[in-house]
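Supplied in structure tokens, the structure appears directly below.
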Amino acid sequence: MLILWIILSVICFVYGIMIASLHSGGLFFVFWFVLAAVFALFAVAVRFHWWTLLPKILKRIFLICVIIGCIFFATVEGLIFSDFGAQSPQELDYIVVLGAQVHDYGPSVVLKYRLDAAIDYLNVNPDTMCIVSGAQGFNEPFTEAEGMARYLEQQGIPSERVIREDLAENTTGNIKYTMEIIEAREADGENASPQTVGNSSPSQDKKITLGIVTNNFHMFRSLHIAKANMQKEGITNITVSGISSPSRALYLPNNAAREFFGVVKDFVLGNLK
């Protein structure tokens, strides 16, 4: 067991360094350093026989907590993986690309996967409008919406098919502001932003279809946040589906672990159902 804990600690530490080197804008790489420290502590405990010194009741409590934690983690991860292959029908009215890190030189790897999936769909469905959603982060040169719009236009998507939403700072905001834009556009019959929603009277008569474009690991949370938002706002005329884009297998452990905490947080806050 000593060797196992040491190996796990080293793997987590090296993986954390690799994730940190991506400069993706997040601090989740710290999770892997914490996990490495925990495994290192287990190795020390085995080396000095700390486990044998604990009272039986503490051992049982610890093991029960570990088992419950593992079951809970596996359950949430199962839900996350359940929507990995989500695909939308053709001829949607709108698709929305959820924002991620942008750089001076273009979209991050994660975001590029999303945008390329959107381009594939838009090329096949010329009547579909595309909303790009994302504000400017502290370490980004411009808004994510701006960066995504530039990339789409560089790849041949006409600018008149791209609607920029530059207020959203997280997935909940992506969905909220996207819904507001769609409702305002359908009510006003013209380009609209979330700021114009208060001046419009959205009709619930026309049925609208929306596809959410995001990476496979992010799809479950995105779809359920959208459904919760529609329920909260009383939106009954929009049908939501997913357009799942791939992600790099090497980064999947980090993305899946981060999504676990994201799903739990949004469930506790009531952002998803």
Side-chain angles (χ1 to χ4, degrees), residues 86-137 140-169 171 173-197 199-200 202-203 206-216 218-219 222-223 226 235 237-247:
Q87 292 298 324
S88 292
Q90 302 299 314
E91 300 181 355
L92 294 174
D93 297 309
Y94 297 89
I95 63 172
V96 55
V97 186
L98 305 189
Q101 182 78 31
V102 292
H103 307 284
D104 284 320
Y105 53 84
S108 60
V109 173
V110 165
L111 185 54
K112 188 175 183 298
Y113 277 124
R114 300 179 188 183
L115 292 167
D116 288 343
I119 291 168
D120 289 342
Y121 189 92
L122 292 169
N123 284 336
V124 175
N125 299 275
D127 294 327
T128 300
M129 296 293 294
C130 179
I131 301 171
V132 287
S133 175
Q136 182 176 3
E140 293 177 309
F142 34 72
T143 67
E144 293 168 0
E146 173 68 21
M148 289 189 282
R150 290 183 186 179
Y151 182 83
L152 290 175
E153 291 166 15
Q154 289 169 357
Q155 301 303 313
I157 303 300
S159 59
E160 58 268 21
R161 294 183 67 191
V162 181
I163 305 166
R164 306 183 189 191
E165 185 291 297
D166 57 8
L167 301 178
E169 297 180 350
T171 304
N174 290 143
I175 300 301
K176 176 180 182 294
Y177 294 128
T178 293
M179 294 294 182
E180 291 180 356
I181 284 176
I182 292 174
E183 290 287 87
R185 281 178 57 87
E186 295 301 320
D188 297 342
E190 60 184 9
N191 291 339
S193 66
Q195 294 92 328
T196 68
V197 175
N199 300 321
S200 63
S203 171
K206 180 181 178 181
K207 298 302 180 181
I208 303 162
T209 52
L210 168 66
I212 298 176
V213 185
T214 191
N215 302 95
N216 45 24
H218 190 228
M219 184 57 70
S222 302
L223 286 174
I235 300 172
N237 63 324
I238 298 180
T239 302
V240 175
S241 56
I243 300 175
S244 181
S245 69
S247 57

**Report entry** Euclidean distance, I182 CD1 relative to I163 CD1, rounded to 0.5 Å
**Finding:** 8.0 Å
Query raised in the report: So which heavy atom on A135 is nearest to which on E169, and how close?
Result: CB-CG, 4.1 Å
Requested in this report: Apply side chain to side chain donor-acceptor pair (under 3.5 Å) to S241 and list each qualifying residue two or more places apart in sequence or on a separate chain.
Outcome: S88
Query raised in the report: Applying salt bridge (charged side-chain N to carboxylate O under 4.0 Å, His left out), which residue pairs with at least one partner in residues 106-126 are found, sequence neighbours left out?
Result: K112-D116
Query - Between NE2 on residue H218 and OG1 on residue T171, distance to nearest 0.5 Å - result: 3.0 Å
Requested in this report: Could you walk me through whether C130 and I157 pass the side-chain contact (heavy atoms from CB on, under 4.5 Å) test, one step at a time?
Outcome: CA-CA 10 Å; C130 179; I157 303 300; 5.7 Å; no
**Report entry** Residue list, side chain to side chain donor-acceptor pair (under 3.5 Å) with S133, at least two apart or on another chain
**Finding:** E165, N174
**Report entry** side-chain contact (heavy atoms from CB on, under 4.5 Å) assessment of I238 paired with E183
**Finding:** CA-CA 9 Å; I238 298 180; E183 290 287 87; 3.8 Å; yes
**Report entry** Euclidean distance, I131 CD1 relative to I181 CD1, rounded to 0.5 Å
**Finding:** 5.5 Å
Query raised in the report: Mind checking whether P141 and H103 have side chains closer than 4.5 Å, heavy atoms only?
Result: no
Query raised in the report: side chain to side chain contact (heavy atoms under 4.5 Å, CB included) with P158: which residues, sequence neighbours excluded?
Result: E160, R161
Query raised in the report: What's the spacing between E146 CD and D166 CG if we round to 0.5 Å?
Result: 9.0 Å
Report summary line: By side chain to side chain donor-acceptor pair (under 3.5 Å), S247 pairs with (sequence neighbours left out) N216
**Report entry** Closest heavy-atom pair and its distance - A226, V240
**Finding:** CB-CG1, 4.1 Å
Query raised in the report: How long is the gap from OH on Y151 to CD1 on I119, to the nearest 0.5 Å?
Result: 5.0 Å
**Report entry** N237 side chain vs K207 backbone, donor-acceptor pair below 3.5 Å
**Finding:** no
Query raised in the report: Could you state the interatomic distance from CG (N215) to CG (L98), rounded to the nearest 0.5 Å?
Result: 9.0 Å
Please list, one pair per line, the donor and acceptor atoms closer than 3.5 Å that link side chains of residues 89-97 to other protein atoms, with sequence neighbours excluded.
unit_1 : atom_1 : unit_2 : atom_2 : d
Q90    : OE1    : N125   : ND2    : 2.7
D93    : OD2    : T209   : N      : 2.9
D93    : OD2    : T209   : OG1    : 3.2
Y94    : OH     : R185   : NE     : 3.2
Y94    : OH     : E186   : OE2    : 2.6

Query raised in the report: Who passes side chain to side chain contact (heavy atoms under 4.5 Å, CB included) against Q136, sequence neighbours left out?
Result: E140, T143
Query - Residues that A117 engages under side chain to side chain contact (heavy atoms under 4.5 Å, CB included), provided they are two or more places apart - result: V213, S245
Query raised in the report: Stepwise, does the side-chain contact (heavy atoms from CB on, under 4.5 Å) test hold for L210 with M179?
Result: CA-CA 9 Å; L210 168 66; M179 294 294 182; 4.0 Å; yes
Query raised in the report: Can you tell which of V110, V109, L115 makes a side-chain contact (heavy atoms from CB on, under 4.5 Å) with Y113?
Result: V109
Query raised in the report: Under the salt bridge (charged side-chain N to carboxylate O under 4.0 Å, His left out) test, which residues partner E153, sequence neighbours left out?
Result: R164
